[in-house]
Amino acid sequence: MISSVKPVSSSLTAIAALRRTVPTKLRFSPLPIIRNFENSPLCFSYAHNLSTLFLASAAEKQRRDGFSAGAYEADRSQPIEIGVEVPAEQSGQKVKIGIYFATWWALNVVFNIYNKKVLNAFPYPWLTSTLSLACGSLMMLVSWVTRVAEAPKTDLDFWKTLFPVAVAHTIGHVAATVSMSKVAVSFTHIIKSGEPAFSVLVSRLFLGETFPLPVYLSLLPIIGGCALAAVTELNFNMIGFMGAMISNLAFVFRNIFSKKGMKGKSVSGMNYYACLSMMSLLLVTPFAIAVEGPQMWAAGWQNAVSDIGPNFVWWVVAQSVFYHLYNQVSYMSLDQISPLTFSVGNTMKRISVIVASIIIFHTPIRPVNGLGAAIAILGTFIYSQAKQ
């Protein structure tokens, strides 16, 4: 049954009734830009659309207080509840993001451990990098063929825009692997925590972007912390240091190319990374053969198997599988969270990797070296907050 009162009058009456039901601190206007909504000209066109919602709320309030709601009756109307309870959907999303982060960090820690084990016994980072990309590519091809995952719909333009991203990704991946073959995992990740400094520098010089003063100030602890950790590193190696620095620069360009080239592309994070791995595999394979070659690989493989035993083969498989999985989960999480949240999560990931590697490999570390690492990571966190 619908009230005989005109819609506009009914809406204004309902608005007034609703305002009396809401505490003063929580009152709001349907159109915040209009201070006196009831007396504004827009009210008469806007009120008709809102009449059902407001009248339902007022009627419910009056029924709770024991008053009559008149002749108004709304089917399946719900009262407006002013409370602090989190909707079930929002709560479920937080749990989902938490699972993504926990999985991402765990997979990354496992990868770094097995990757370092392999490189200690088999110091050929180009082949190790190639195997990681090959394993991920094979996994995704099988999942597409078996319909476990839906294959992406791509065209020539997609692969053209992906090419510079793949070049940067390949350089960054190989450089990071070279770094970890020469220095401790913890040191590589301490230096890689300086990536925000490269991001600001490249964005400023090549893209002409400007940042607020707090962003520039946040770079001071990042640069200072990385420098302090580098000069106090017990097992410092210039190749390992430069590998981590080149990886930082390459991944910054990868992010820039990805943002510029993938706008409007409807490819999921999982499939995007799968395509990126396949193109990177095509790029890195000829260089890996030229730099190291099958003869070196065969001799090194034989020595590793004789020293470690069959477990070495498991290490290679594990580092290859977990490399793909942790990257895949990180790209999938980008579909669910904001870049700022992802940046904070990436900072926490580095902390977990550094701590885990120090414990597992018994990495010797001086107090001043640990202080440098803490300052650099803190600076990275401050940067992520200042850039929002």
Less than 3.5 Å apart, any donor N or O on the side chain of T130 or T285 sitting next to an acceptor on the other? no

Check: Do D307 and N303 have side-chain N/O donor and acceptor atoms under 3.5 Å apart?
Finding: no

If we ignore hydrogens and angles and just use 3.5 Å, is the side chain of [X] paired with the main-chain N or O of [Y] as donor and acceptor?
X: N369; Y: A229; result: yes
X: S132; Y: S320; result: no
X: S199; Y: E195; result: no
X: E292; Y: W126; result: yes

Minimum side-chain heavy-atom gap K116-S357 below 4.5 Å
no

- Answer yes or no: is there a side-chain heavy-atom contact under 4.5 Å between F241 and F187? yes

Only residue of I223, T380, N248, I382 satisfying side-chain contact (heavy atoms from CB on, under 4.5 Å) with P196 is T380

Residue set satisfying side chain to side chain contact (heavy atoms under 4.5 Å, CB included) with P152, at least two apart, ordered chain then number -> W144, T154, V267, N271, C275

Using 30° and 60° as the class boundaries, would you call the ring planes of [X] and [Y] parallel, tilted or perpendicular?
X: W314; Y: Y114; answer: perpendicular
X: W104; Y: F101; answer: tilted
X: H173; Y: H169; answer: parallel

Margin query: Quick one, T177 with T128, criterion side-chain hydrogen bond (donor to acceptor under 3.5 Å, both in side chains). Give me CA distance, side-chain angles, the key distance, then yes/no.
Written below: CA-CA 8 Å; T177 308; T128 305; over 6 Å; no

